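Have a look at the structure below before the remarks.
All figures in this text were calculated on a predicted structure; none of them were measured in a lab. Heavy-atom basis, side chains included; hydrogens, waters and symmetry copies ignored.
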Amino acid sequence: MASSVIDSELYRGIYVTEEMKKVFSDESLLQKWLDCWGALAKAEAEIGLIPEEAAQEIANKANYESIDMEVIRKGIVDTTHPLIVQIREFTKVVGGKAGQYIHWGATTQDIMDTAVVLQIKEAQEVLLSQLRKFLDTLLNLAQEHKNTIMPGRTHGQHALPVTLGYKIAIWADEVGKHIERLEEGKKRYLLGSFSGAAGTLASISKHGLAVQELYCKNLGLGQPTITWHVQRDGFAEFASIIAMISGTIGKIANEIINLQKSEIGEIEEGFRMGQVGSSTMPHKRNPMICEYVVGLTRIVQRNASLGFDAMIQEHERDMTFWTTEWSYIPQICILTSGGLEQMQGILERFIVHKENMERNLNLLKGLIVSENLMLTLGKYVGRQNAHDMIYDVSMRAFEENRSLLEVTLEDKDIMSHMTEQEVKEHLHPKNYIGLCTELIDRVDKKWSTFCRVYS
C-alpha cells in the first residue's frame, strides 16, 4: 500500500523518475549491503586475514535474490537493529566456514554508510545525465532567443530591456555550476566506510588501513583520511548541492509562472489538448507543471536541511541523526530528479509570445529606457543633474499617461542639449539591451563543450 507521492501509483508520474526510484529501492539497498560484504571479504583475503575460498564464496553468494525480503523486514522490527538480521540471513546463504567470515572486523555503520554512499554515487550519475541534457537545452534556447527582446524587471517593475536569451543564459550558467559542484564533490563524499566499532580499526589492527584501501577500491570509492562515523559533512555537502539544484529548477519554474500571468503573457509552459487547468473554469490554461516543480523544490530544500542537523554527532558514534539520512537522502534525490524531468519537458515545448513581449516593452511608453536618455543628457549637464531632469519628465509622463518622448520634447531645458532625433533614438527599447548577446556567448563558450555529451 503506497503512503507517499514517491510510492503512489496515482501521483508518482508527476513527482518521480523511475530510474532514480530504482536507485533507492529496497532491492538496490539490500544488494549494496551485500556488495560491501563481498568487497570487504575480497580485501581481507588479499591481505591474508581470511581464507581466499571463503572470500570467493561470500562474493559469489552476494545476490539479493537469495535473501527473503520479508524475513529481513520482520527481523529489523524484532531486533530493533538495522543490519543484524541481514548478517544472519546472509551467513545462512553462504553457509559452512565461509559464512563465519562475513562482516569480519566491520561495524554496522561501516556497511550502512558505504551502502548509502554507493546509492549517492549511482544517484549522482542519474542527476548529472539529466543536468547535462537540461543545460544543453538551455544553451540552445539562449542562442535561439538571443535577440528576442523583452522587458527586464526588478522589484516586480519594468527596469531595462533584456533578451529572453539573456534570461535563459543566466539559468544555464547556474546549472553548469551545479554540474561542477557535483563533479568536484565526489572526492569529498564518495568515500567508503570501514573503521570498526569506535573507528580505530582495532578489530584488525595493523592490517586496518590496507584492508580499508582495498575495500574502497573494490567498490569504486575513495579512501577516507580518518573515520567519518561522526563526520557527516560529506552528506551535508551533497544535500546542499541537491537543494541548490532544486532551487534553480524551482526558480525557472516560478519565473515561467510569473511570465505566464494573464497580464504579462510572455511565456507559456506549453499546452496540448486534454490538459485541464481548472475543474470549474474551462478557459484556464494554468502553469500546472511549473507549480508542481515549485512545490517539489520546497520539499527538497526542507528535507536537505536535515543534512546540517546530522552534523551534530556525539562521541565516536551516534544514531540519533544518522537514521535521518536513510530517509532524507532518497527523498531529495528522487524529487529533484522528478523536478528535472518535468522542467526538461517544459523547456522542450514552452511557448514564447513575442507579440506580448513587444506590447509590454511599450507599456510604459518609453519609461523603460529613461536611463539611456539620462546618461546621454548627463554628458552635457552632469549625471545627477540629468537624473533630476529626466526624473521630472518621467514622473509627468507617468502621471499624465503620456509617452516619455512627447513630454521630453516639450521640455526646453532638455531639448537645449539634444536633438529630436537623438531623443527618439535613445527612447527606443531595442537600442538599449547592453551586452545581452555578448554575455549569452560567454555562457555558451564556457559550458557548451562541457555539457553536450550526455547519456
Side-chain angles (χ1 to χ4, degrees), residues 29-62 81-121 185-235 237-238 310-311 313-319 321-322 325:
L29 180 59
L30 189 53
Q31 184 59 56
K32 286 172 173 56
W33 289 341
L34 295 168
D35 291 342
C36 290
W37 282 318
L40 178 59
K42 285 181 178 179
E44 291 175 332
E46 188 170 338
I47 296 299
L49 282 176
I50 71 172
E52 178 66 38
E53 57 273 20
Q56 196 61 50
E57 188 70 7
I58 291 169
N60 289 343
K61 296 285 181 68
H81 193 280
L83 204 64
I84 192 66
V85 67
Q86 174 62 24
I87 296 171
R88 290 171 180 169
E89 290 303 306
F90 188 39
T91 299
K92 291 177 188 176
V93 169
V94 174
K97 275 191 171 184
Q100 301 306 310
Y101 289 105
I102 292 169
H103 200 68
W104 193 271
T107 192
T108 295
Q109 190 167 352
D110 288 333
I111 303 304
M112 300 197 72
D113 275 353
T114 304
V116 171
V117 172
L118 290 172
Q119 287 182 311
I120 287 174
K121 182 181 179 183
K186 290 178 179 179
K187 63 180 179 285
R188 288 185 292 275
Y189 53 73
L190 294 186
L191 306 176
S193 177
F194 174 69
S195 299
T200 63
L201 285 166
S203 56
I204 52 175
S205 191
K206 63 180 181 180
H207 302 293
L209 289 176
V211 170
Q212 185 188 75
E213 181 182 9
L214 288 170
Y215 167 74
C216 293
K217 183 179 178 182
N218 290 343
L219 292 168
L221 300 175
Q223 182 183 14
T225 305
I226 196 170
T227 308
W228 57 274
H229 288 161
V230 290
Q231 279 186 357
R232 312 316 279 185
D233 58 299
F235 287 168
E237 179 181 0
F238 176 73
M311 290 182 68
Q313 300 270 322
E314 293 187 4
H315 308 303
E316 279 58 61
R317 274 206 291 135
D318 179 13
M319 197 171 180
F321 279 112
W322 176 41
E325 294 161 354

Sequence neighbours excluded, the answer for salt bridge (charged side-chain N to carboxylate O under 4.0 Å, His left out) partners of K217 is none
request  = Flag the pair W228 / D233 as yes when at least one side-chain heavy-atom distance between them is below 4.5 Å, and no otherwise.
outcome  = no
Notebook entry, point to check: Ion pair present between R232 and D113, side-chain N to carboxylate O less than 4.0 angstrom?
Noted result: yes
Original post:
Sub-3.5 Å donor-acceptor pair from the side chain of H81 to the main-chain atoms of L83, do we have one?
Top reply: yes
Item checked: Derivation of the side-chain contact (heavy atoms from CB on, under 4.5 Å) call for T200 and E316 -> CA-CA 10 Å; T200 63; E316 279 58 61; over 6 Å; no
Closest non-hydrogen atoms of K187 and L191, given as atom of the first, atom of the second and distance, are O-CD2, 3.7 Å
| said: When you compare the side chain of C216 with that of S193, does any pair of heavy atoms fall below 4.5 Å? | reply: no
Tightest non-hydrogen contact, residues A55 and I50, listed as CB-CD1, 4.1 Å
Here the pair of heavy atoms bringing A210 nearest to I47 is CB-CD1, 3.7 Å
- request: List the steps and the verdict of side chain to side chain donor-acceptor pair (under 3.5 Å) for H229 and D110.
  value: CA-CA 8 Å; H229 288 161; D110 288 333; 2.8 Å; yes
The reported gap from CZ in R88 to CD1 in I102 (rounded to nearest 0.5 angstrom) is 13.5 Å
ask   = Between L29 and Q119, is a side-chain contact (heavy atoms from CB on, under 4.5 Å) present by the stated rule, with each step listed?
value = CA-CA 8 Å; L29 180 59; Q119 287 182 311; 3.9 Å; yes
Exercise. Would you indicate whether W322, at its atom CH2, is surrounded by more than 12 heavy atoms from other residues, nucleotides or ligands within a distance under 6.0 Å?
Key: yes
Going by atom type alone, with no hydrogens or angles, which donor-acceptor pairs under 3.5 Å involve a side-chain atom of residues 30-46 and a protein atom two or more places apart or on another chain?
from: Q31; atom 1: OE1; to: Y64; atom 2: N; distance (Å): 2.9
from: Q31; atom 1: NE2; to: D35; atom 2: OD1; distance (Å): 2.9
from: Q31; atom 1: NE2; to: A62; atom 2: O; distance (Å): 2.9
from: K32; atom 1: NZ; to: S28; atom 2: OG; distance (Å): 2.9
from: K32; atom 1: NZ; to: E122; atom 2: OE1; distance (Å): 2.8
from: W37; atom 1: NE1; to: H103; atom 2: ND1; distance (Å): 2.9

Report task. Tell me, with the steps shown, if I120 and F235 meet side-chain contact (heavy atoms from CB on, under 4.5 Å). Result -> CA-CA 9 Å; I120 287 174; F235 287 168; 3.5 Å; yes
Taking the side chain as C-beta and beyond, is there a heavy-atom pair between Y215 and L221 under 4.5 Å? no
*asked:* Are T108 and M112 packed together at the side-chain level, in the sense that at least one heavy-atom pair is separated by less than 4.5 angstrom?
replied: yes
Considering residues, nucleotides and ligands other than K206, do more than 12 of their heavy atoms fall under 6.0 Å from its NZ?
no
With heavy-atom distances below 4.5 Å as the criterion, would you say the side chains of L201 and F194 are in contact?
yes
- Any donor-acceptor pair under 3.5 Å linking the side chain of T107 with the backbone of G196? no
Q56 meets the side chain to side chain contact (heavy atoms under 4.5 Å, CB included) criterion, sequence neighbours left out, with E52, N60
Answer whether the closest heavy-atom distance between the side chains of E57 and Y101 falls below 4.5 Å. no
### Query
Is there a donor-acceptor pair under 3.5 Å between the side chain of K186 and the backbone N or O of K121?
no
Are any non-hydrogen side-chain atoms of Q109 and S195 less than 4.5 angstrom apart?
-> no
Nearest heavy-atom contact between A310 and E325 is CB-OE2, 3.9 Å
